[in-house]
Amino acid sequence: MRQKKESLPVFNSSDVSDVPTCLSEDSLLSFCLEAKQTETLSQQSLTDFIVKVAQSSEVAQNFVTALKGGKYVLDLTASQQAGLASGALKLVQERGQVFAQFRNGNLYGSKIPVHAEGMLQAANTQQMMAMLEYQALSQKLSDVSDSLVDIASDIKEILKGQQDDRIASYFSGLHLCQEAQKTHDPTLRSQLLAEAVHALADSCNQLTLKMQSAISYLKNENYDNNKLRKGKTREAAIDEQVAIIHQCFGFIHQSYLLKAAAYAALNEKEAMGQCFEEYGSFLARNVKEPLPTLQAYDERDDGTKMSLWNSRAALTTTLKALTTSLKAEPEVVYVKIQGGSHGQRNPK
Amino acid sequence: MLKFKEAPMAKETPSKGCPNPNCACHKKKRFFPSTLTFCPDCGEKLVYVCKTCYKQLPDGKSVYCLRHQAAKKDRKDKTLKIGAGVAAAAGLLTLGLFELIKNKKKF
């Protein structure tokens, strides 16, 4: 037995003659919006349209049940079915259960259990339109979020590429230095070494800036900000920055030493001294100054005098001594030889 | 009527440790109270250390090093998140139960 809570108007097929035949969700949404704006589409025609497209569209399929209203099922025996046409019906509620009773004159008959099926209340046109809009909008939003995830992964790739470029520059300098050592032609050798120094200087400066940004991240406690740590835990964000610092420091150290070696091979003593001086100033700015920060965040550093970052900071003293000795005038030692015949060998 | 006095929350106090790497106390990562000044084993001046990783701290203002302070905050956040989830679920369950009882009463 079917019971309609709301009387729906009769559909007129002529009203929906201008309805688009494309059944995608986008077209449904645009069609509904247009209808809403222009108010040209009546409730009947829209309902008819939805029923029409229900065969192929999942969105509209959901509304068909709603349109048909609440559906009650009666468990009837054969004798009760026979009296269904003539008897009046009454619904009774007892202990949470709905029963149907047929009236025979002034008396009601036996209670027939009733089960409710489907929706009790049919959705109206506005609700249907809102649901259609919501479905289409949620689809659009999921598309936008997908594209945002793609962009984020692209950015990660770009950042990784930049870091790889810096490291590649260091390796190019290293290989040029090695090749220059095997070269016999002095002109080619000096050219190769000059190229190597150029590549090493580039890599060194870029890595220094990267290291500085990682140190400032830790110093300013940016990991406390959820946006800046990009959804990671604080510990993970700190470990990531410390790993960057270690990587950068390793390559910078090697770059400065290789540069000094290249200058030594070119017999440029002053440039070599300058290189060491630069390295000393780098250590003073980026290791000695933020030493408490580096020690506090690095898991490998135990804070003792001979710890990792303390020994790295102590390099500045060694470099200073080295620079001073390189800049100093060569000492002349006068040797006085005892005996009468100076510089002559005694004949045997 | 008997009144029970509430036990005070255990407040974490900074601990000291021996900085001498050759000392047995350093190797075993033994903690000392902040009132002690020198190591009872080797006589080295004690320093404030992190309670988790035994790293030397500059002063006795904090119990943990900065890294482990951050880790502690992470754990706190996680607990709060789980707590909020459980509370929301419990709220929803209670509401559902209320609705169920109401509906039963109607019939």
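Below, chains carry the letters A, B, ... as their sequence lines are ordered, and counting in each starts from 1.
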B:Pro58 portion near chain A, given a 4.5 angstrom heavy-atom threshold
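Contact with chain A: none, neither part.
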Which atoms of B:Asn20 come close to chain A, meaning under 4.5 Å heavy atom to heavy atom: side chain ones, backbone ones, both, or neither?
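Interface part for B:Asn20: neither.
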Could you verify whether a donor N or O on one side chain and an acceptor N or O on the other, from A:Arg312 and A:His253, lie under 3.5 Å apart?
no
Going by distance alone, is a donor N or O of one side chain under 3.5 Å from an acceptor N or O of the other, for B:His26 and B:Asp41?
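Absent: no donor and acceptor within the cut-off.
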Inspect the surroundings of CD in A:Gln126 and state if more than 12 heavy atoms from other residues, nucleotides or ligands are less than 6.0 Å away.
no
Rounded distance [0.5 Å steps], NE2 in B:His68 versus CZ in B:Arg75:
8.0 Å
Using non-hydrogen atoms only, which part of A:Tyr297 is less than 4.5 Å away from chain B: side chain, backbone, both, or neither?
both
Which portion of A:Gln295 sits near chain B, non-hydrogen atoms under 4.5 angstrom:
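Only the backbone of A:Gln295 comes within 4.5 Å of chain B.
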Note: vs chain B, highest number of non-hydrogen pairs under 4.5 angstrom among A:Ala237, A:Ala296, A:Ala236 is A:Ala296
I'd like to verify something: which residue of A:Asp239, A:Leu218, A:Ile238 has the highest number of heavy-atom pairs under 4.5 Å with chain B?
A:Asp239
Report the relative orientation of the aromatic rings in A:Tyr223 and A:Tyr217; use parallel for angles under 30°, tilted for 30 to 60°, perpendicular for over 60°.
tilted
